Amino acid sequence: MPPVPSHGGQGFMTSERYNAREAEARWQKVWEERGIFAAKNDDPRPRYYVLEMFPYPSGRIHMGHVRNYTMGDVVARYKRAMGFNVLHPMGWDAFGMPAENAAMERKVHPRQWTYDNIATMRSQLKSMGLSIDWAREFATCDPSYYKHQQKLFLDFLRAGLVERKSSKVNWDPVDQTVLANEQVIDGRGWRSGALVEQRELTQWFFKITKYSDELLAALDTLERWPEKVRLMQRNWIGRSEGLLIRFALDPATTPNGETELKIFTTRHDTLFGAKFMAIAPDHPLAAAAAAKNPALKAFIAECKRTGTAQELIETAEKKGFDTGIRALHPFDPAWKLPVYVANFVLMEYGTGAIFGCPAHDQRDLDFVNKYGLGNTPVVCPPGVDPKDFVVTDTAYDGDGRMINSRFLDGLTVEEAKEEVARRLESEMRGNAPVAERQVNFRLRDWGISRQRYWGCPIPVIHCEACGIVPVPESDLPVLLPDDVEFDRPGNPLDRHPTWKHVACPQCGRPARRETDTMDTFVDSSWYFARFTDPWTAEAPTNRAAADAWLPVDQYIGGIEHAILHLLYARFFTRAMKATGHLGLDEPFAGLFTQGMVVHETYRRADGGYAAPAEVKIETVGDTRRATLRATGEPVEIGPIEKMSKSKRNTVDPDDIIAAYGADTARWFMLSDSPPERDVIWTEEGVQGAWRFVQRLWRLVGEAAQIVRAAPAERPAAFGEAALAVRKAAHGALAKVSEDIERLRFNRCVAHIYEFANTLQGALAGLGGNGEVAPDMAWAVREAADILVCLFHPMMPHLAEECWQALGHTTLVAEAPWPQLEHELLVEDTIVLPVQINGRKRADVTVARNAANMEIEAAVLALDVVQRALGGRPPKKVIVVPQRIVNVVA
RNA sequence: GCGGACGUGGCGGAACGGUAGACGCAACGGACUUAAAAUCCGUUGGGGGUUUCCCCGUGCGGGUUCGAGUCCCGCCGUCCGCACCA
C-alpha cells in the first residue's frame, strides 16, 4: 500500500481558500491507489452491507442519484470508522427499453449506447467521492451476469416455480409489442398512440403466488422497514378469507346444460340477502350464453372496450345483462336467483363470479337500484330496531346481528359466517362438498415475458416433438445476437435470420429458441446477492460469501420501488433458497426510502419553461422576482416540482461539482430536509453549504496553529474554558453518532454547525497572539480532530484535507470513530425550567443529584413564584427529575 | 371510494407528553473596505410595556393532563399509494 502523500507540507495555510476541485481529484486518487474501499470476503471483522438501489444507465446521473448515493456513503464511511468490514458495491441495471428506443432513434446499438452511458455515469459517480468497492462492479447486461440468471431460471423451472400460461396483455398493434399498464395512456400506446388491444398471449410466469402467505406473514418480521412500505405490500398481496360456494344452476335455463356456478365470497353471512348472481364478461358461462344471444354478445364486447381507459373505469356505471340463467339458493332450492353478466366483476379475482347482496355491498346496491331487483337487509346495526332498518342508497357493511335470515337470525356476523361455512362444507353434491373455505389473494403470478431484444434471453427451446426443452447448462449463456435491426417494429430476435433456429437438445431435430426476453425486474431481483462474490464463474452465488454478507443491513432507494422491485426481490430470495443458491428468506434487513429532489419551475410569458440556469432571481424585501438572464424578460415563478426534463427544472450534478465541489453538493443534499421527505434544491442553499465548507477550512486552519503547541500527553486537569470545548466536542460526537445510526442526516448537519459555531467562538476568545495554555491547546486538538471525523462521512475530501492540516499522516477515511467520554456529558449542576400553572416563568440551578425536596424548596423561594402564590401555599408542586418543575398555584 | 402520511416564523425545518421555533436560508442593522465581494458582530413569530415585564401563538373546534406541536374525538386542507378484490 503506498504511503499517504503529504501535501507539500503546506498544512497550515489559513489564508488560502479551499480549492475543492483540485483537492477532490487528489484525494480520490489516493483512496483508489490505496484500495481502501475494497471489501475483503475473508476479513474476520464483523460485516456490514450497505446498498443503494443501483441505477439505470440512462446517460447522466441526476440529483436524485446524488442524494441516494450520498446517504449510502455516509452510512458506509461511518460503519467503516466503527470497525466494520463494509461492503458498499455499485452496478448497473442495464437492460431495458430506453436502449432500444435509442437504437431506433439514433441508429446506435443498444450495447454501445448502454456501455457508453455506463462509462459516463461511472466517472460522474467517482467524482462524488463515494467509498465504493468498484472491483465488484457489473452490469446486468454483461453475459457473465445474465448467464447466471439463465441458470436460475432453469433451476426455478425444475423446482416448479416457473409456468407457461396464457394471459391477457396490452398489445400495441403499431409497435407490435406488449405494453405494461403504465405504458397505456388513455387506452393508447404511449409511443405509437395506437389504440391498445387486449390480446391473449402464452407467456412465462414466475409463481410468486406460491409464496403469497409467506411474503405477507414475513412483513411482520421486517422491523427496520418503513411501516408505509409494509402496508403497501400487505395491500398489494391482498389476502382475504372466504368461502368458495358451488351454486346449482337450473339446467333448463343454461346454454349447454351447465349445472353449477362457483363463486367466491367473504360475506357468506349475507347469503339470505342475495338478490342476484353476477359473472365477469369473460367468464366461460358468459361466452356460452352469448353464443346464443346476440344482444348479450354485444354487451360483452362493450364491457371489454371500456376495459382499458382509466378515466372510464373510474366513472363507469354499474351495468349488467340478464343471461336468463337461474341459480338455486344453496339453502332453498325453490329460491331462484337471476345470473347477470356484470361489468364490475373481474375474471382475474376469485372465480370471476359473485352473488350479490345489495343491502351490505355498495356496488351490489347500485346495481339492484338500477335494475329494480330490490334489497333485503340481513345484518342489523347495533342499537337499531330491525323493524326500522331499511337500506336505500347506502349499503351497510358494518357489524351487527343477523335478521331476515332464518336459522341465522340473532347471530353475529362472525357466528353466521361460521354457521354457513359449517353447513355448506358438510353438505355433499355430486362427489364434492357444496362449499369449501378458501383464502384468496389479489397477488397474481409474475409475467416475465417481454417481446424485446435488450433483455436476458429465456433459455428454453421449443421442439415440435419434445415440447419445451431447457437449454443444457453447458450451453449457457444463451447470448444475444449482435447483428440486429431496429428499423421495423416488433421483436428483432423473432425476425433474426438465424438466431432462433437450433437443433433440439433432446432429439436433434430442428427446433426454435424462445425469443422472449425477461422482464428487467428479474435482473434487479438478485444483484445484491451477486455483489457478495461477483467473481464466481461457475454459479450465480458463492454460498459462503452470500451467507456471510446477506442480508443487506441497510438498503436505500426510492419509494417508487416500494411494491414491485422489493416484492420480486423477496420472492427471488426465497426461490433461490429453494434451489440452493441462498440460505435466507429476506434479502433486506433494513430499508430506507428517501424523498425526491425538487426545484422551483419557471414559466416564460410564451408558456414555455425556463431552466434555472437561465433565470436570475432577485429579492426585494419579501418578494422574489425572476427574469431571464439573456433578455431581462420577466418569468413567473411556478410551483416546486420533481426535477424533470419536461419541466426544465433540473440541475446537473456535473455543473454543481465543477462550481462548488462534490462535498458542497453532498452536504447540501443532507441538510435541511429530513431524508425521507423531498428536498428543495435552491441556489441559496448550495451557496450556504459552500460557505460552510470554506468556514470549516478556515476554522481548522486556525485550530492547526494552536494544535502545534499542544502537548502530546493529555493534561492531568482542564481549566473551565478548555473543559467547555471538550464538552462541546463530546456532546456533538454523541448526537451525530446517534443521528447517523438512525439516518437522521439533517440533524447531523445541524449538530455539526452548532459545534463549529461553538469551537469558532472558543478560538476567537483565545485572541490569537499570546501563548495558549497546554490544557486548552490539547482540548482544541481533540475538538478539531473530532470535528473532522464527524463531518468526514458527509464531506470526505474536505475532511482529508483538514486531517492533514491538523498534522495527521494517516487518512481520516481509515481513522476510527472518536471514543466518546460519557462523563463529559454529565453536568454537576443543571438548570431546570420552572413553570407556574404550566407556563415557563423562571429557571433554577440545582445540583445534578439534588433531592426533589431541595429542588422544591429552591423553587418556592423564587421571587416570581412567591408573587404568583401571593402568600398562599401551592396546590401542588411537580418535580420531573432532570427535566422541569411545575408549580400549581 | 378505501388506506396512509402530513399541516410549526418570510422559507426548509428542530422539539423522550416538560423552556416552541435548534440549525440553515432569506432579510435588516453595524464593523472592515475608496468601493464591492468575502468575512466578522448583532437583530429577526406577532403585539404591548419600552432594562431584568406581560399577553397571544404549532390548520380549525372540542377533550384528557399539573403541563399538549406531541395523546384522544370531530372537522378542514395538502400529498402519496391502491382502485369495482366479491
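If you're wondering where the values come from, they're calculated on a predicted model, not measured in any experiment.
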Exercise. Of the options A:F355, A:F272, A:F276, which is the one that meets A:H329 in a ring-ring contact (aromatic ring centres under 6.0 Å, His included)?
Worked result: A:F272
Exercise. Mind checking whether A:Y602 and A:H599 have parallel, tilted or perpendicular rings, split at 30° and 60°?
Worked result: perpendicular
Problem set entry | Electrostatic pair A:K735-A:E738, nearest N-O below 4.0 angstrom | no
Using a cut-off of under 3.5 Å, enumerate the N/O to N/O pairs linking the protein to nucleotides 61-71 of chain B.
| from | atom 1 | to | atom 2 | distance (Å) |
| --- | --- | --- | --- | --- |
| B:rC66 | O2' | A:N886 | ND2 | 3.3 |
| B:rC66 | O2 | A:N886 | ND2 | 2.5 |

For this session: Taking syn as within 90° of 0 and anti otherwise, name the glycosidic form of B:rG9.
Result: syn
Could you run down the sub-3.5 Å N/O contacts of the protein with nucleotides 40-46 of chain B?
| from | atom 1 | to | atom 2 | distance (Å) |
| --- | --- | --- | --- | --- |
| B:rC40 | OP1 | A:Q760 | NE2 | 3.1 |

Exercise. Which of residues 735-746 of chain A sit near RNA chain B, with a heavy atom under 4.0 Å from it?
Worked result: A:N746
For this session: Pick base, sugar-phosphate or nothing for A:F264, based on heavy-atom distances below 4.0 Å to the nucleic acid.
Result: base
Problem set entry | Atom C1', compared across B:rU34 and B:rA26: separation rounded to whole Å | 29 Å
For this session: May I ask you to evaluate whether A:R363 reaches the phosphate of B:rC2, defined as a side-chain N or O under 4.0 Å from OP1 or OP2?
Result: no
Exercise. So does A:Y349 get a side-chain nitrogen or oxygen closer than 4.0 Å to the phosphate oxygens (OP1/OP2) of B:rA86?
Worked result: yes
For this session: Describe the nucleic acid contact of A:R841 in one word from base, sugar-phosphate, nothing, applying a heavy-atom distance below 4.0 Å.
Result: sugar-phosphate
Exercise. Hey, which of A:Y371, A:Y340, A:F299 is the one that makes ring-ring contact (aromatic ring centres under 6.0 Å, His included) with A:F321?
Worked result: A:F299
Exercise. Between A:R691 and B:rA26, is there a side-chain N or O to OP1/OP2 distance below 4.0 Å?
Worked result: yes
Problem set entry | A:N235 side chain near B:rC85 phosphate (N/O to OP1/OP2, under 4.0 Å) | no
Exercise. Which is true for A:L346 with a 4.0 Å heavy-atom rule: it touches a base, it touches only sugar-phosphate, or it touches nothing?
Worked result: base
